[in-house]
Amino acid sequence: MDSSLNATRRARELAEIRDCVVDVLVVGLGATGAGAALDAAARGLSVAAIDAHDLAFGTSRWSSKLIHGGLRYLASGQVGVARESAVERGALLRHTAPHLVRAHPYLLPLTPAVRSAQARFVMAGYRLGDGLRVAAGTPRPLLPGPSRLTAERTLRLAPALRADGLRGALLSWDGRVVDDARLVVAIARTAAAHGARVLTRCRALALSGDGAQVRDELTGAEFGVRARAVINATGVWAGGLSPEVELRPSRGTHLVLRPGALGGLGAGLHVPIPGERNRFALVLPQADGRIYVGLTDEPVDGPVPDVPEAPESDVAFLLDVLNSVLREPVRRADVAGAFAGLRPLLTAGDAPDDPDGGRTSDLSRRHAVITSHDGVVTVVGGKLTTYRRMAEDAVDAACPTAPRSRTARLPLVGARPVPGAEARHPGVSPADLVARYGWEAGAVQELARRDPALGETVAAGITRAELVWAVRHEGALDVDDLLDRRTRIGLVPEDRAAALPAAAAALALGPEGAIPPGRTGTRARGDGTRPAGQV
Ligand SMILES: Cc1cc2nc3c(=O)[nH]c(=O)nc-3n(C[C@H](O)[C@H](O)[C@H](O)COP(=O)(O)OP(=O)(O)OC[C@H]3O[C@@H](n4cnc5c(N)ncnc54)[C@H](O)[C@@H]3O)c2cc1C
């Protein structure tokens, strides 16, 4: 089946789900819910998956985009969580999303604040992390091991660092996804390719073990969806639909710096947080040149907002930490944007392996699958890295007699050559397009070849062709979908304002005029090779 999501397909499938009983209804289309939809559909079950807003509307788009090897969990004695992370990282790098997930280098600068004993301790941890890689069967060429760099090499990779007293850096590698929201879109489209009905702007008003009362947020129409099993994957909002589930959200803020703000940064940075032992801020250069700086961890009480705000106190804190290692300070005026997300952490009572009930950063990152008295299965906690395993566990719990999960090696859309496309396109596609679309890059480029006006860059390196592609194939229904989730232009308010007319123009073209069938599917000829331009 075609993987394309668009307004036409939504209208058709929305009408269909009112008249049938599906095997599984998944509520929430972040990484976890999209993963559950894919897991169930790939087992041959009939699936409807709904989101009140859009694909990746919630926490999944506010992550640091790390695909963790689980080292920090090992440090806190959570061996099972660490191993699970390393295994899932390996699956993404090798099989499911090698086009979106790559190894990325990180430097821990050895400034006078980092004592030699601490550096030795951290290096020992990195070696343990490398052991996790081996245990998970991820080959070294996909994820290099740690090493120590001289001060000279450190400054070549991170010229903005203060040179005084710098003894070099510890270099480590971990997984990184090019864009968390794109990962969710790829998972959801792969689910659609396996027959799942993926429906955005559909809010679950109430759940029961045999379905949900749903409102179409575009028309206001309310209707019932009947299902043999119901999975609540609404993340930080899960308690609103399943009151048994108690969450203690924790806010994580990132700053967005403009390209060039840290002068040719060639690696991520772990910046020690002054006064804290083994807690680091992250400096994360992005594919579009912007740099994210994160990350706070503050408990949040009260109602859960749709889009959390990044408070000025978080911005000031992150700037202070960053500036503690820089030659020239970054000022508030250099911060082009900021974003915050809420971690869906379970309270101590629900969290498996919870080491203690103290700081939210210490709460377990392990996920939980909780079956309510009425049969609704809630899957919550965890992290982006382990979305696939969370999804598998949820479907196992909701559909105990279903065939076994098939997703551990199932390539997501774009991960494998598409019949008819591979011969002509990947070799000529620009590397940044390949990094975002994998084997679909050629088809995106083809849009601009047919209509050169679509080759124009809108903002942050994104072309009009990409916006049109998102409307036709990635389920974008309005300008917010285009600017805030299919692309991340919206993270910088002035870029967003500049791109609004192009987004409106792409929507006006509508979902028709799609690239011929066969060029957007997932079916693999599958020789395991990577598109040109990938490491
Ligand atoms: C700041 C921060 C940084 C992080 N960094 C990382 C990282 O680097 N690596 C990593 O592995 N993990 C990271 N995480 C964790 C990870 O992002 C989350 O665990 C994960 O994204 C949660 O995904 P989810 O699908 O469970 O929830 P969400 O992405 O929040 O999805 C829930 C969805 O449910 C929908 N919804 C809500 N209510 C309803 C309703 N009534 N009806 C229908 N739909 C509804 C929402 O619109 C939303 O789309 C980070 C988290 C935060 C907050």
Side-chain angles (χ1 to χ4, degrees), residues 25-37 48-70 72-73 81 84-85 88-89 92 101 104 174-177 180-181 183-184 187-188 199-207 212-217 225 230-242 247 249-254 268 282 284 292 294-298 300 304-308 310 314 338-346 360-361 365-368 378-391 394 485:
L25 171 67
V26 179
V27 182
L29 282 163
T32 311
I50 61 174
D51 197 285
H53 302 275
D54 182 27
L55 308 176
F57 181 85
T59 305
S60 295
R61 69 173 149 142
W62 304 128
S63 82
S64 303
K65 297 157 189 51
L66 302 179
I67 299 299
H68 298 282
R72 54 178 299 199
Y73 312 115
V81 185
E84 189 174 275
S85 257
E88 293 303 322
R89 176 184 64 180
L92 283 157
V101 177
H104 195 79
D174 209 345
R176 261 281 283 291
V177 61
D180 41 16
L183 177 67
V184 176
I187 301 166
L199 300 163
T200 59
R201 307 302 195 288
C202 286
R203 178 181 294 276
L205 301 172
L207 302 185
Q213 186 63 19
V214 175
R215 183 171 67 219
D216 177 351
E217 297 288 50
V225 175
V230 176
I231 296 177
N232 173 7
T234 53
V236 81
W237 296 277
L241 290 169
S242 299
L247 295 169
S250 143
R251 185 186 63 241
T253 296
H254 289 86
L282 293 168
L284 304 158
Y292 299 168
L295 153 91
T296 58
D297 193 338
E298 294 297 327
V300 176
V304 180
D306 280 353
V307 179
D314 284 10
F339 61 89
L342 297 177
R343 297 175 186 85
L345 301 185
L346 290 160
T360 52
S361 59
R365 270 18 176 199
R366 172 164 272 186
H367 64 272
T378 298
V379 54
V380 75
K383 49 199 173 292
L384 198 69
T385 307
T386 53
Y387 82 87
R388 195 209 62 80
R389 180 59 197 272
M390 295 172 70
R485 291 170 288 273

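Atoms within a ligand are numbered from 1 in the order they appear, just like the ligands themselves. Residue numbers count from 1 along this sequence.
With a 4.0 Å cut-off on non-hydrogen atoms, Thr386 does not touch ligand 1 at all. Contacts between Asp180 and ligand 1, counted as non-hydrogen atom pairs separated by less than 4.0 Å, are absent for every part of the residue. Counting heavy atoms closer than 4.0 Å to ligand 1, residue Ala233 contributes backbone atoms (N, CA, C, O) but none from C-beta onward.
Polar contact with ligand 1: present for Ala52 (N/O pair, distance under 3.5 Å). Any N or O atom pair closer than 3.5 Å counts here, and Trp237 shares no such pair with ligand 1. Polar contact check, Ser60 against ligand 1: a nitrogen or oxygen pair lies under 3.5 Å apart. The shortest N or O to N or O distance between Met390 and ligand 1 is not below 3.5 Å. Considering backbone and side-chain N/O atoms, Leu384 comes within less than 3.5 Å of an N/O atom of ligand 1. Below 3.5 Å of separation, one finds no N or O of Leu29 facing any N or O of ligand 1. By the 3.5 Å distance cut-off applied to N or O atoms, Ser63 is not counted among the residues near ligand 1. Considering backbone and side-chain N/O of Leu66, one or more are found under 3.5 Å from N/O of ligand 1.
Near Gly252, with a cut-off below 4.0 Å to any heavy atom, the atoms of ligand 1 are 1 (C). Atom numbering of ligand 1 starts at 1 in the shown order; those under 4.0 Å from a heavy atom of Trp62 are 1 (C), 2 (C), 3 (C). Here is the list of ligand 1 atoms found below 4.0 Å of a heavy atom in Leu241: 41 (N). Contact atoms of ligand 1 toward Val27: 42 (N), 43 (C) (distance under 4.0 Å to a heavy atom of the residue). Those atoms of ligand 1 with a heavy atom of Phe57 less than 4.0 angstrom away are 47 (O), 49 (O).
Among Thr234, Asn232, Thr32, the residue whose heavy atom lies closest to atom 38 (N) of ligand 1 is Thr234. Nearest-residue assignment for atom 51 (C) of ligand 1 (options Arg343, Arg201, His53; heavy-atom criterion): Arg343. If you check each of Arg89, Arg485, Lys383 against atom 19 (O) of ligand 1, the one with the closest non-hydrogen atom is Lys383.
The closest approach between any non-hydrogen atom of Cys202 and ligand 1 is below 4.0 Å.
Looking at atom 48 (C) of ligand 1, its nearest protein heavy atom turns out to be Asp51 OD2, 3.3 Å.
In this structure a side-chain-to-backbone donor-acceptor pair under 3.5 Å is missing from Thr253 to Thr296. Thr59 places a side-chain N or O within 3.5 Å of a backbone atom of Leu342 that can act as its donor or acceptor partner.
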